[in-house]
Every structure is written in structure tokens, then in C-alpha cells.
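Single-structure report; data block below.
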Number of protein chains: 2
Amino acid sequence: MAKELPACPVETTLMLISDRWKVLILRDLMEGTRRFGQLKKSIGTVSQKVLTANLREMEADGLLSRRVYPEVPPRVEYTLTETGYSLKPVLDAMTEWGTGYQSKHV
Amino acid sequence: MAKELPACPVETTLMLISDRWKVLILRDLMEGTRRFGQLKKSIGTVSQKVLTANLREMEADGLLSRRVYPEVPPRVEYTLTETGYSLKPVLDAMTEWGTGYQSKHV
DNA sequence: CGGTATCCCTGGGGATACTG
DNA sequence: CAGTATCCCCAGGGATACCG
């Protein structure tokens, strides 16, 4: 890691996944390996530049791995590392809470 | 709610707690009622304006309640609603994951 | 003490064009 | 297809001053 980790674990988690698209990337990759184009399409409104930037940071933080296939046209796949996948409880909790909130706020 | 909720529950949760300081506000209020000044001090670097803005949004979203005591000097206390407190599993998951990540990244 | 009211500024993010 | 490379923008956030 480049930056110092905060003492508070919540802040640590926050600093690693609080960028605009990271949680949605995690949501998608929890399902399994995805190609760049798949992620871009699934996330919706993100630009290529920013999606790439977020992915690179997550790779640097050890949350996912990037695999380039030497083909033409190129194929790049992203897969969660164990560390990344271990965020599943966080995502699950968000899913459950979000579902409940939706049901109360038609 | 003013805005439309996204179909994806994760996005719903995200849109409600992804502002810069909201998760830290939740972290503090999980411990119990807090005064404005206590929150400001505990969170650290946030400015008054932004802290107020975040708190007002969370109030509008039904995550916390604001109680003003008609005293001089004024006292304002913030308390989680049931809905807000029901985010505890999310915070707990973040705490646990952050702790683990810290231990691996000295 | 817990706010508004202003002004200012940064950088995360978007749009477009180009490339291996 | 999956990127860089540029340029641009604005909204979230900071600093300061003042108020009830």
C-alpha cells in the first residue's frame, strides 16, 4: 500500500472501497470473473477512463487481479483475490439493508 | 425520499451512505446519541458546513433524528433511527474486514 | 454552541479522439 | 476490445466570517 492506513478499521475499509464505482465493481465480481466490457456495461454510466482507474487502484490494493490474454482483439479479465472476495459480508449486508429500505420507501 | 431509488439494493444503500462522512457519522452514532460538537471532534477533519449538510441529508433519508434543546448555549443531539441503526451489520462487516486488512498490511 | 452565508478550490469523474 | 491521452467540468468539500 502506498498510503498509511488509518487506525480505525472502518476508515480503512472506507478508504479502499469508497471511490465512486468500487462497490459496484465488487458487486459484479462477486459473481465471478468478468471482462472489462462486461463490467462497463453492467455498471452503466461509468466512463472508460474512470473504470480503468478504479480497477487499477483495486489491483494495487490487492482486491482483484487483472489477467491479459495475448489475443487479437485483446481480452482482459478481472477476478477478485481472496482479500477482495472476503468483502462479501459487507456487500451482503448492503444488499440486505438496501432491500429492506426499498420495501419501506415505495 | 426525493430521489428515485435504484433497482439494485446495493446501489440504494450506496446512494444513502456514500457521501464522504456518512459512514463515520454512523460509526459514531452506533455508540449512542451524540452532540454536534462531539461528532465534529470525533470525525476529525470535516468542516462544519459539510458535516451539517451530511447530517441533514441523513435526517431527510430517515437515518437519524435531530433534537434541538432550547437552551443557551444551544444543544443539538443526533440519534440514529431504527432504520439508521439497522445499518449496524454493514458497519460491523466493515469493521471486521478493515481489522483483517490492517493486520495483513503492516 | 451550532449553526448559516460566502467564496473558493481541488480532483474525481466525463467526453472525445486515437491506438496496439 | 481495452485501453491511453487530452481537455474540461462541476459538485462536494474547505476556510472564513458572522449570527441567534
Side-chain angles (χ1 to χ4, degrees), chain A residues 2-4 6 11 13-29 32-61 63-80, chain B residues 2-4 6 11 13-29 32-61 63-80:
Chain A
K3 301 208 172 184
E4 284 303 306
E11 288 182 45
T13 305
L14 218 46
M15 112 182 270
L16 291 168
I17 66 172
S18 65
D19 272 345
R20 182 71 185 86
W21 306 106
K22 290 186 178 176
V23 172
L24 299 185
I25 292 169
L26 288 169
R27 176 198 61 186
D28 287 357
L29 292 186
T33 297
R34 291 287 183 275
R35 298 181 58 162
F36 183 84
Q38 289 181 297
L39 288 173
K40 180 152 170 27
K41 183 179 176 187
S42 162
I43 291 177
T45 62
V46 66
S47 70
Q48 235 160 15
K49 187 190 87 174
V50 174
L51 179 56
T52 301
N54 281 10
L55 286 167
R56 291 292 149 81
E57 282 183 26
M58 293 172 77
E59 188 188 8
D61 291 335
L63 299 183
L64 54 80
S65 63
R66 178 173 179 266
R67 182 170 212 171
V68 184
Y69 293 84
E71 309 171 354
V72 177
R75 178 161 56 113
V76 180
E77 290 185 348
Y78 293 90
T79 309
L80 291 183
Chain B
K3 301 209 176 187
E4 284 302 305
E11 288 182 46
T13 305
L14 217 47
M15 114 182 267
L16 291 167
I17 68 172
S18 65
D19 271 346
R20 182 73 185 83
W21 306 105
K22 290 187 179 176
V23 171
L24 299 184
I25 292 169
L26 289 169
R27 175 198 63 186
D28 286 357
L29 292 186
T33 296
R34 291 287 184 274
R35 298 182 58 163
F36 183 85
Q38 290 182 296
L39 288 173
K40 180 154 171 28
K41 183 178 177 186
S42 163
I43 289 176
T45 61
V46 66
S47 69
Q48 233 159 15
K49 187 190 83 172
V50 174
L51 179 56
T52 301
N54 280 9
L55 286 167
R56 290 292 149 82
E57 283 183 23
M58 294 172 76
E59 188 187 9
D61 291 334
L63 299 183
L64 53 79
S65 64
R66 177 172 180 267
R67 183 170 213 170
V68 183
Y69 292 85
E71 311 171 354
V72 177
R75 176 161 56 114
V76 180
E77 291 185 347
Y78 293 90
T79 310
L80 291 183

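Just so we're on the same page: letters track the sequence lines, and every chain starts at 1.
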Exercise answer: donor-acceptor pairs, residues 15-24 of chain B side-chain atoms, under 3.5 Å, sequence neighbours excluded:
from    : atom 1 : to      : atom 2 : distance (Å)
B:Ser18 : OG     : B:Leu14 : O      : 2.7
B:Asp19 : OD2    : B:Lys22 : NZ     : 3.4
B:Lys22 : NZ     : B:Glu57 : OE1    : 2.8

*Looking across every strand, which nucleic acid part, if any, lies under 4.0 Å from A:Tyr69 by heavy atom: base, sugar-phosphate, or nothing?*
nothing
*asked:* Are A:Ile25 and A:Leu64 packed together at the side-chain level, in the sense that at least one heavy-atom pair is separated by less than 4.5 angstrom?
replied: yes
Taking N or O atoms only and anything under 3.5 Å, show me the protein contacts with nucleotides 7-12 of chain C, one pair per line.
none

*Please list, in 5' to 3' order, the outermost nucleotides of DNA chain D lying under 4.0 Å from any heavy atom of chain B.*
D:dG13 to D:dG20
*Terminal axes of the helix from C:dC1-D:dG20 to C:dG20-D:dC1 (five pairs each): angle between them, nearest 10 degrees*: 50°
_Rounded distance (nearest 0.5 Å) linking atom CZ of B:Arg34 with atom OG1 of B:Thr79_ = 10.0 Å
*Taking all atoms of both residues into account, what is the closest heavy-atom pair of A:Arg27 and A:Ile43, and its distance?*
NH2-CA, 4.5 Å
*Phosphate oxygens OP1/OP2 of C:dG2: is one of them under 4.0 Å from a side-chain N or O of B:Arg67?*
no
*Nearest heavy atoms of A:Arg35 and A:Pro74, plus distance in Å*: NH2-O, 3.7 Å
Can you give the donor-acceptor pairs under 3.5 Å from side chains of residues 48-56 of chain B to other protein atoms, not counting sequence neighbours?
from    : atom 1 : to      : atom 2 : distance (Å)
B:Thr52 : OG1    : B:Gln48 : O      : 2.9

*Hey, what do you get for CD (B:Gln38) to OH (B:Tyr78), rounding to the nearest 0.5 Å?*
12.0 Å
*List the atom of A:Lys40, the atom of A:Val46, and the distance in Å for their closest heavy-atom pair.*
NZ-O, 3.1 Å
*In terms of the nearest nucleotide of DNA chain C, which residue is placed more toward the 5' end: B:Tyr78 or A:Leu51?*
B:Tyr78
*If only side-chain N and O atoms of B:Arg66 are considered, is one of them under 4.0 Å from the OP1 or OP2 phosphate oxygen of C:dG3?*
yes
*asked:* Can you pull out the residues from residues 38-48 of chain B that lie within a 4.0 Å heavy-atom distance of DNA chain C?
replied: B:Gln48
_Show, in sequence, the C-alpha distance, side-chain angles and deciding distance for A:Met58 and A:Leu26, and conclude whether the side-chain contact (heavy atoms from CB on, under 4.5 Å) test is met._
CA-CA 10 Å; A:Met58 293 172 77; A:Leu26 288 169; 3.7 Å; yes
_Go nucleotide by nucleotide along DNA chain C from the 5' end; which of A:Pro73 and B:Pro74 gets its closest nucleotide reached first?_
B:Pro74
